[in-house]
Amino acid sequence: MKKLKKIEVLRILLNDNIEILRCPVCKNTIKTINENSLVCENNHCFNISKKGYINLLKNNAKTIYDKSLFESRSKIYDEKIYENLSREIIDIVGKYSGNKDINYVLDTGCGEGYYLNQLYLEEKINKKCKLFGIDISREGISFATRHENDILWSVSDLSNLPFKNSKFDIILDILSPSNYREFTRVLNKDGVVIKVVPEEHYLKEIRSEIKENIKKYTYSNKDIINAFKDNLDIAYDKRITYKTTTSNLEDFIKMTPLTSSLSKEQINELIKSNIKTITIDLRVIVGKIKESI
Ligand SMILES: C[S@@+](CC[C@H](N)C(=O)[O-])C[C@H]1O[C@@H](n2cnc3c(N)ncnc32)[C@H](O)[C@@H]1O
Ligand SMILES: [Zn+2]
C-alpha cells in the first residue's frame, strides 16, 4: 500500500478530531479542512505544514526555545537519561486511562515531543489514547513531527488552547508553564493534570558553575506547587532523584533554558568545565479537578 505523506496523515487526523477543535481567535467551530489550511466558521484561516503539523498561532512567538535547544534536548533524551521519568509518565497515563476505551491526552508545552512519542510506542497506551501535542515554538513542533505516527501536533499557546471545553482526560505539563484556567476548561470532570517540576537539586552542577553569571543557583518550586494546589486536588506526588554521568556535557548545557541568557563564550567555558555527573531531581504531581469547579 502507498505510504501516506505527513500532510496527508495530518489531514486525516484533523478530520477525525474536527469536533474537538476550536478557533483560537474567535473560539468558534472549525468549518473546513482544505488542501493546505483549516478554516473556522468566521473564516479565520490557519496553515497546515507539509511537515505534519498545524500552525494555530496568528503571529509566531519569539522564544528562548530555538532549534538548537530542541536538538540538544533530543540528543540527551536519546541517551535515555530521562527514561525513569518517561516510565513514570507512561505508568501514570496507563493508570488514569484504565476505565475508558478512548482517552484524549494533551501535552502542553511538548517541545520536541519526547514524552508523547514514548507514549505512542507503548502498545497499552497507544490502543486507548489519542495523543495531542502543542507548543508555542514552531521549531519544537516542527522537530516533534520527525517520527511517523498519528499524534496531532500544533503550534499553539497553552494560555489559549484550540480545543473545546471538557474534551480531554489527561494533560501532561512537563517542565513547561501552566495555565489552570485553560487546563480545567479543556479537561472533563474526571480529568487529571500530570505536572513535572524541577526540585531543588535539579541540574545543580550546571547551576553552580553559572552562579557567578546569573542568579539562578538556588531554586525553589514552592510557588509553582502552591499554584498547582490552589487549582487542583493532588492525587499523587513523587520525587525522582538520581545522578547521571554524561560524556555529552555540551548538549546538557545547551538543552536547558538555564543557560539561554549566557554568551557564546560563557557557554564554551561551561562546556570546558569539569562537570562529570549531573543531578536529576524532579517532582511528578498528579492533580484532579476540584469538586467545586
Ligand atoms: C523546558 S521546555 C520543556 C519541553 C518538554 N515538555 C520537555 O520536557 O522536553 C518548556 C517548553 O514550554 C514551551 N512553552 C513556553 N510557553 C508556552 C506557551 N505559552 N504555550 C505553549 N508552550 C509554551 C516552550 O516552547 C518549551 O518547549
Ligand atoms: Zn475564528
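Counting starts at 1 for both ligands and their atoms, following the listed order. All values derive from a computational prediction rather than experimental measurement.
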Original post:
What N, O or S atom of H44 is found closest to the Zn ion (ligand 2)?
Top reply: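 Output for this pair reads ND1.
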**OP:** Please work out whether the ring planes of F132 and F168 are parallel, tilted or perpendicular, with thresholds of 30° and 60°.
**Re:**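 Ring orientation of F132 relative to F168: perpendicular.
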We want to know whether [X] and [Y] form a side-chain donor-acceptor pair, criterion being a heavy-atom distance below 3.5 angstrom.
X    : Y    : answer
D169 : N188 : yes
K128 : N99  : no
K51  : S142 : yes

Inter-residue atom distance [X].[atom1] - [Y].[atom2], 0.5 Å rounding:
X    : Y    : atom1 : atom2 : result
Y114 : S74  : OH    : OG    : 10.0 Å
T145 : I151 : OG1   : CD1   : 10.5 Å
K290 : Y180 : NZ    : OH    : 11.0 Å

**OP:** Check each protein residue for a heavy atom under 4.0 Å from ligand 1 and list those that pass, ordered by chain and number.
**Re:**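 Close residues (ligand 1, cut-off 4.0 Å): Y65, F70, R73, Y77, G109, C110, G111, Y115, D135, I136, S137, S156, D157, L158, I174, L175, S176, P177.
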Subject >> Three-point angle C40:SG, the Zn ion (ligand 2), C26:SG, rounded to the nearest 10° >> reply: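 That angle is 110°.
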